[in-house]
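I have placed the structure first, in the form of structure tokens, so that the comments after it can refer back to it.
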Amino acid sequence: MNAELWLPVIFAGLMAISLLAYVILDGYDLGVGVLLPLGSDSQRDNMIASIGPFWDANETWLVLGVGLLLVAFPMAHGIILGELYLPVALMLLGLILRGVAFDFRVKAQAHHQPAWNAAFAAGSLLAAASQGVMLGRYLTGFAPGAAAWGFALLAGAGLTAAYVLLGAGWLIMKTEGELQQRATRWAQRALLGTGVAVAAVSIATPLASARIAAKWFTLPDVLLLLPLPLVTLALFVLLAVSLPRLAARQAAGNDGFCWLPFAATVGIVLLSFWGLAYSVFPEIVIGRLTIWQAASDAEALWVILAGAAVVLPTIIGYTVFAYRVFWGKARELSYS
């Protein structure tokens, strides 16, 4: 088999896995950050405690994904980050603000802590919205004009809603009592926004590209792909039906199936990501470059693959270890 053909496919897959892991793992803690102002003072501490052991390491997947883009697809890296310079800068600003606020909120005096809580929430919102705008700009092939930018802003709002839904599902799973009840209500509100966003992006993406429309709406592809939207719709219906029932069960002291909202939301993200990946592949810059045109030389990719074979299992290993150690309900926040 020709290495020049399959090595770029392997690296495209590794990059997709890294970005998917980032969207799920950092997505929920960004969502918790956006929700932070809605909790009481004690609840905010519990919300932070639920993500404290994980949030910093979750961002490793973003670094890995962008790093793979740089070394494996340098031509695409230059085009993508050049076109997305402003939203990338805003995302980094949001992530930096989150990191600073997370540490300073515990050292600040009581009358300063609300400001750092607000900074953490603002950084989370800025990072989430910027990532959605980046997705929207990417899917339109960085097209100019008000319509393309309007789609990008819609994607920004939609991804933020999805992160909030992930964050609320995480809190339902990791907390108890009044905060868990509040998180269930937050999830119900975020569900509508996420559903509208997924539907809008699903409709607008094939309209923005004739090539993508042909991949989805020609026989027999349309029949083979039909389970994707149907299962996604079923998961939305499952969430809409189960969230009120979970709230009633939790009010009665029954915490069974508290993992269901988070798991169903992860399922929606997985299916949506798969649909987007199918729409884009094999292009890495829509309408400009395929993965083979943008890839580094095969000799360089072999060396990078050897490094990835060490780095990726290491990241997976310490991620699994961290989640295993901090399994179960979040404990009361303590810095002693």
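The shown structure was predicted, so the numbers you read here are calculated from the model rather than taken from an experiment.
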Problem set entry | Shortest non-hydrogen contact between Leu64 and Ser18, atoms and distance | CD2-OG, 3.3 Å
For this session: Consider only side-chain heavy atoms of I, L, V, M, F, W and Y, link residues closer than 4.5 Å, and tell whether Leu154 and Leu192 are in one cluster.
Result: no
For this session: Any chance you could lay out the side-chain hydrogen bond (donor to acceptor under 3.5 Å, both in side chains) test for Glu83 and Tyr138, step after step, and finish with the verdict?
Result: CA-CA 9 Å; Glu83 293 283 357; Tyr138 177 78; over 6 Å; no
For this session: Determine, step by step, whether Val88 and Ser130 satisfy the side-chain contact (heavy atoms from CB on, under 4.5 Å) criterion, reporting the C-alpha distance in whole Å, the side-chain angles of both residues, the deciding distance to 0.1 Å, and the verdict.
Result: CA-CA 7 Å; Val88 167; Ser130 297; over 6 Å; no
Exercise. Distance from Trp259 atom CH2 to Lys174 atom NZ, nearest 0.5 Å?
Worked result: 16.0 Å
Exercise. Would you call Leu166 and Asp29 a side-chain contact if the rule is heavy atoms closer than 4.5 Å?
Worked result: no
Exercise. Is there a path of hydrophobic side-chain contacts, each under 4.5 Å between heavy atoms of I, L, V, M, F, W or Y residues, that connects Leu92 with Leu135?
Worked result: yes
Exercise. Is Leu95 linked to Leu93 within one hydrophobic cluster, defined over Ile, Leu, Val, Met, Phe, Trp and Tyr using a side-chain heavy-atom separation of less than 4.5 Å?
Worked result: no
Seminar exercise, completed: Heavy atoms of Leu226 and Pro229 approach each other most closely as O-CD, 3.1 Å
Exercise. Run the side-chain contact (heavy atoms from CB on, under 4.5 Å) check on Thr319 and Trp61 step by step: do they pass?
Worked result: CA-CA 10 Å; Thr319 299; Trp61 291 101; 3.9 Å; yes
Problem set entry | Test side-chain hydrogen bond (donor to acceptor under 3.5 Å, both in side chains) applied to Thr60 and Tyr22, step by step | CA-CA 8 Å; Thr60 306; Tyr22 173 78; over 6 Å; no
Problem set entry | Shortest non-hydrogen contact between Gly158 and Ala197, atoms and distance | CA-CB, 3.1 Å
Exercise. Got a sec: does the CH2 of Trp292 have more than 12 other heavy atoms crowding it under 6.0 Å?
Worked result: yes
Problem set entry | Gap between atom CE of Met47 and atom CZ of Arg182 - 0.5 Å precision | 9.5 Å
For this session: Please state whether the rings of Trp170 and Phe54 are parallel, tilted or perpendicular, taking 30° and 60° as the class boundaries.
Result: perpendicular
Exercise. Of all heavy-atom pairs between Leu14 and Ala308, which one has the smallest distance, and what is that distance?
Worked result: CD1-CB, 4.3 Å
Exercise. Looking at CG of Leu84 and CD of Gln131, how far apart are the two atoms once the value is rounded to the nearest 0.5 Å?
Worked result: 11.5 Å
For this session: Report whether Phe236 and Phe257 are members of the same hydrophobic cluster (ILVMFWY, side-chain heavy atoms less than 4.5 Å apart, transitive linking).
Result: yes
For this session: Locate the shortest heavy-atom distance separating Leu239 from Pro261; write the atom from each residue and the value.
Result: CD2-CA, 3.5 Å
Problem set entry | Audit row: Val100, Trp116, side-chain contact (heavy atoms from CB on, under 4.5 Å) steps and yes/no | CA-CA 9 Å; Val100 172; Trp116 288 114; 3.9 Å; yes
Exercise. Thr175 versus Gln43: any side-chain heavy-atom pair under 4.5 Å?
Worked result: no
Seminar exercise, completed: Looking only at heavy atoms, the pair that brings Ser296 and Pro74 closest together is OG-CD, 3.2 Å
Exercise. Any chain of hydrophobic side-chain contacts (each under 4.5 Å) joining Val303 to Val311?
Worked result: no
For this session: Check whether any side-chain heavy atom of Ser50 sits under 4.5 Å from a side-chain heavy atom of Leu171, and report yes or no.
Result: yes
Problem set entry | Separation of Ile172 CD1 from Leu179 CG (nearest 0.5 Å) | 10.0 Å
